[in-house]
Amino acid sequence: MNESLEKYPPNFIRSIIERDIADGKNSGAVITRFPPEPNGYLHIGHAKAICLNFGMAKDFDGTTYLRFDDTNPLKEKVEYMEAIKKDITWLGFEWREVRHASDYFEQLHNFAVRFIKDGKAYVDSLTADEIRAYRGTLTAPGKNSPHRDRSVEENLDMFARMRAGEFPDGEHVLRLKIDMAAPNINMRDPTIYRIRHTEHHQTGDAWCIYPMYDYTHCLSDSLEGITHSLCDIGFEDHRPLYDWVLDELAMNAHPQQIEFSRLNLQYTMMSKRKLKLLVDEGIVDGWDDPRLPTIAGLRRRGYTPESIRDFCRRIGVTKSDNNVELALLESCLRENLEATAPRVMGVIDPVKVVITNYEEGQVENLTSANHPKDESMGTRSVPFTRELYIDRADFREEANRKYKRLVSGSEVRLRNAYVIRADEVIKNDGDEIVEIRCTFDPDTLGKNPEGRKVRGVIHWVSAPHSLQAEIRLYEPLFTDDFPDASDKDYHDLINPNSVTIRQGFVEQSLESSEAGKQLQFEREGYFCLDSNDSKPDKLVFNRTVGLRDTWAKIEKR
RNA sequence: UGGGGUGUCGCCAAGUGGUAAGGCACAAGGUUUUGAUCCUUGCAUGCGCAGGUUCGAAUCCUGCCACCCCAGCCA
């Protein structure tokens, strides 16, 4: 993929950065950060943020920090941090440095003490419920806490004792003293520290008070010298608080927070909380289940980093609500795989074909191109024998002229091999076809027969040489196109056919295929070996995505 | 009902006062030993609605309308 093509097309964030550079703001530097909380796996919505943060910085010769927003030890795990790093790297991005919000705990604490000394923060001893009641509502102003006017000395003393562990969880909090009547609820004396007697995955038992997001994020950004702090639109009305904290502290660096809208993708959900439920309830196979929109799931399914980056570029960056069609993601995938995936043959729903005029025991090694347009991908040898498998959908006893496959009494081309004619059908007691007896025309290898036109081409494998394989076909996990927006419980929206298991046969050359390597099963779609379940003696393939299927559309009419 | 946002083709999205890019999807045709790919063509007298300013408005002004987000000691 061309470097310049990888650049983001025009968008409002790019415009802001360009203007800042032109104005000489930040001496022309562009420093961004990707700040995930390690409380779950990354999904395609995060990919949008990753591509934006890393991509934008790269486009302007800037750099990007990976910062774990680890201010809530109750929900976070090192396992998630490792998974996040792996996913970002796999997507093709390099961070300048890994940081943690917890790296700044000491500085954050010092700033808090400064706020107290300046009379701009106080220890509140109301319960959580009382704080909520005092906050007021969307339309009614809040009331001042009775503890709001504690003296600086008392606040200092109590905050020190909070840190020293003298109080149980929930007994006190530290709040900023702003304005309980502010129309923006985020400005009604936000809580910035709470007591949590919990071990932290990075700082161990060094702390029993932990700073909250709004307070931590802006200061972490400032301390790192972030120039453009890109976040999702949910934080738009937190921006006044972001700016307030930095202004009150007169921080040297005051990053600019810019909000963009989250990705909404058809037939899936992006909420980390709900994804975790799907995993915890066993509705899916784990965070890397190929039906999930997680980066790990997409990877296991067979998606490529290039296709995901391309997708993120094509969906653009705006502040408007969006409902992106799955077809766009799939189109990016197919475009990438069309060019890069070697072709092979695999039969998903096999039925036996016997070529009655082909000598028993004979084996011809036919040469097949690995790609129809890219000769550099080379060729491979595919064995042809008397007994083959073809797909059930590629044979009909009767059909009209639109059907261009094998029909009783007529001919079809076997891909990369001969033209055959169907002579006889053998069925079992259940009226199910068990064998199709055919004859082949030996003069049709690499050339068209004389005097007649053969319209169809179907794929096949040699019965004695092919390898048995489990093939997993996927459909969307949800039946509703935007399950997150549905009124119904998500359990009632699960697609019962989200995975279909088939026992098929694939050509011999796949014996040594590696997990995750993309292949095209000709006429079927793109597949890869499952990284978790495939074994040398039990191959398991995931269908990443099917080929565009014009025939299915015609047939539907 | 307070505050903050958003409204350009079925979906995404450029556009920043000079007469509606592009992609996906869809449709029609051509090539083809993948009903794939590729190629060609078509697809908004119109930019939430109504007024106004202007020679000229998706872009500026006014007033409406619709939708989304916010009341964690989560991020």
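Just so we're on the same page: letters track the sequence lines, and every chain starts at 1. Quick caveat: nothing in here was measured; it's all calculated off a predicted structure.
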For the pair made of CZ in A/Arg262 and C1' in B/G4, what is the distance, rounded to whole Å?
15 Å
Hey, would you say the A/His46 and A/Tyr41 ring centroids sit under 6.0 Å apart?
no
Using a cut-off of 4.0 Å on non-hydrogen atoms, how would the nucleic acid contact of A/Gln520 be classed: base, sugar-phosphate, or nothing?
base
Base, sugar-phosphate, or nothing: which does A/Leu329 touch, judged by heavy atoms less than 4.0 Å apart?
nothing
Would you please determine if the base of B/G35 is stacked by A/Trp551, with stacking meaning a centroid separation under 5.5 angstrom and planes under 30 degrees?
yes
Any strand is fair game: report the nucleotide pairing with B/A66 by Watson-Crick or G-U wobble, both distances under 3.5 Å, or none.
B/U6
In whole angstrom, give me the gap between the C1' atoms of B/A50 and B/G4.
26 Å
Classify A/Lys453 by what it touches in the nucleic acid, base, sugar-phosphate, or nothing, heavy-atom distance under 4.0 Å.
nothing
Within 45° of the six-membered ring axis of A/Trp460 and under 6.0 Å from that ring's centre, is NZ or CZ of A/Arg415 located there?
no
Between the side-chain atoms of A/Lys319 and the base atoms of B/U6, is any donor-acceptor pair under 3.5 Å?
no
N/O (side chain, A/Arg194) to phosphate O (OP1/OP2, B/C74) under 4.0 Å
yes
Quick one: label A/Leu74 by what it contacts on the DNA or RNA (base, sugar-phosphate, nothing), any heavy atom closer than 4.0 Å.
nothing
Taking only the C1' atom of each, what is the distance from B/C43 to B/A20 in whole angstrom?
14 Å
According to the Watson-Crick and G-U wobble definitions, with both distances under 3.5 Å, which nucleotide is paired to B/A25?
none
Is the shortest side-chain N/O distance from A/Thr550 to OP1 or OP2 of B/A36 below 4.0 Å?
yes
Taking the six-membered ring for Trp, are the ring centroids of A/His217 and A/Phe235 within less than 6.0 Å of each other?
no
Can a donor-acceptor pair under 3.5 Å be found between the side-chain atoms of A/Arg413 and the base atoms of B/U33?
yes
Suppose you measure atom P in B/G42 against the same atom in B/G23; what distance do you get, rounded to whole Å?
12 Å
Counting only side-chain N and O atoms of A/Arg548, is one of them less than 4.0 Å from OP1 or OP2 of B/U37?
yes
Side-chain N,O (A/Arg314) to OP1/OP2 (B/A25) below 4.0 Å:
no
Any strand: nucleotide that pairs with B/U31 via Watson-Crick or wobble, under 3.5 Å
none
With the side chain of A/Tyr403 defined as its heavy atoms from C-beta on, choose the nearest nucleotide among B/G35, B/C70, B/C12.
B/G35
Nearest nucleotide by nearest heavy atom, which residue falls closer to the 5' end of RNA chain B, A/Leu328 or A/Leu138?
A/Leu138
Looking only at side-chain N and O atoms, does A/Arg19 come under 4.0 Å of OP1 or OP2 in B/U16?
no
Rounding to an integer number of angstrom, what distance separates B/U41 and B/C11 when you compare their P atoms?
26 Å
A/Lys373 side-chain N/O to B/A36 phosphate OP1/OP2 under 4.0 Å
no
For a quick check of understanding: with a heavy-atom distance under 4.0 Å over all strands, which category does A/Thr137 fall into, base, sugar-phosphate or nothing?
base
Indicate, with a heavy-atom threshold strictly under 4.0 Å, whether A/Ala128 touches base, sugar-phosphate, or nothing.
base
Using only side-chain N and O atoms of A/Thr216, determine if any of them is under 4.0 Å from OP1 or OP2 of B/A75.
no
Name the pairing partner of B/A20, where a pair is Watson-Crick or G-U wobble with both distances under 3.5 Å, or state none.
none
Just checking A/Val317: base, sugar-phosphate only, or nothing, at a heavy-atom cut-off of under 4.0 Å?
sugar-phosphate
Does a donor on one side chain sit under 3.5 Å from an acceptor on the other, for A/Asp189 and A/Tyr134?
no
Taking any heavy-atom pair under 4.0 Å as a contact, classify A/Val324: base, sugar-phosphate, or nothing.
sugar-phosphate
Distance between the P atoms of B/C12 and B/G48, in whole angstroms?
14 Å
Charged N-O contact under 4.0 Å between A/Glu37 and A/Lys272
no
What is the distance, rounded to the nearest whole Å, between atom NZ of A/Lys274 and atom P of B/A75?
20 Å
Taking N and O atoms by type only, does the side chain of A/Arg334 place a donor or acceptor under 3.5 Å from a partner on the base of B/U37?
no
When we call it a touch if two heavy atoms are under 4.0 Å apart, what does A/Asn416 touch: a base, just sugar-phosphate, or nothing?
base
Ignoring backbone atoms, establish whether A/Ser320 has a side-chain N or O less than 4.0 Å from OP1 or OP2 of B/A13.
yes
Touch check for A/Pro36, heavy atoms < 4.0 angstrom, all strands: base, sugar-phosphate only, or nothing?
nothing
Quick note, A/Asp69 side chain, CB onward, closest among B/A75, B/A13, B/G3 is B/A75
Can a donor-acceptor pair be found between the side chains of A/Asp214 and A/His238 at a distance below 3.5 Å?
yes
Can you tell me the distance, in whole Å, between the CG atom of A/Asp189 and the C1' atom of B/C73?
14 Å
Is it the case that over 12 heavy atoms from other parts of the model lie below 6.0 angstrom from the CZ atom of A/Arg401?
no
Separation of the P atoms in B/A36 and B/C24, to the nearest angstrom
16 Å
Whether A/Arg196 contacts B/C73 is assessed here as follows: a side-chain N or O lying under 4.0 Å from the phosphate OP1 or OP2. Is that the case?
no
May I ask you to say what A/His217 touches in the nucleic acid, namely base, sugar-phosphate or nothing, with a heavy-atom cut-off under 4.0 Å?
nothing
Since syn is defined as within 90° of 0, does B/G72 count as syn or as anti?
syn
Quantified in whole Å, what is the P atom distance between nucleotide B/U33 and nucleotide B/A14?
42 Å
Over 12 non-hydrogen atoms of neighbours within 6.0 angstrom of CZ in A/Arg262
no
For the side chain of A/Glu236, starting at C-beta, report the closest nucleotide among B/A75, B/G4, B/C24.
B/G4
Aromatic centroids of A/Phe521 and A/Phe527 separated by under 6.0 Å
yes
Quick check: are there more than 12 heavy atoms from other residues, nucleotides or ligands sitting under 6.0 Å from NZ of A/Lys319?
yes
Reckon A/Gly525 touches a base, only the sugar-phosphate, or nothing at all at heavy-atom distances under 4.0 Å?
nothing
Between B/C24, B/G5, B/A75, which nucleotide gets closest to the side-chain atoms of A/Met212?
B/A75
Between atom CD in A/Gln257 and atom C1' in B/G4, what is the gap in whole Å?
12 Å
Answer for the Watson-Crick or wobble partner of B/U53, both distances under 3.5 Å, is none
Identify whether any heavy atom of A/Arg188 sits under 4.0 Å from a base atom; if not, whether one sits that close to sugar-phosphate; answer base, sugar-phosphate or nothing.
nothing
Respond yes when some side-chain nitrogen or oxygen of A/Arg135 is under 4.0 Å from OP1 or OP2 of B/C73, and no when none is.
yes
Rounded to whole angstrom units, what separation is found between the CD atom of A/Glu330 and the P atom of B/C12?
17 Å
Record whether the side chain of A/Glu325 comes under 3.5 Å of the base of B/G10 through a donor-acceptor pair of N or O atoms.
yes
What integer number of Å spans the C1' atoms of B/U59 and B/G46?
14 Å
What does A/Lys404 touch in the nucleic acid at a heavy-atom separation under 4.0 angstrom: a base, only the sugar-phosphate, or nothing?
base
Can the ring centroids of A/Tyr215 and A/Tyr193 be said to lie less than 6.0 angstrom from one another?
yes
With a 4.0 Å limit, can you tell me whether A/Arg132 has a side-chain N or O closer than that to the phosphate oxygens OP1/OP2 of B/G72?
yes
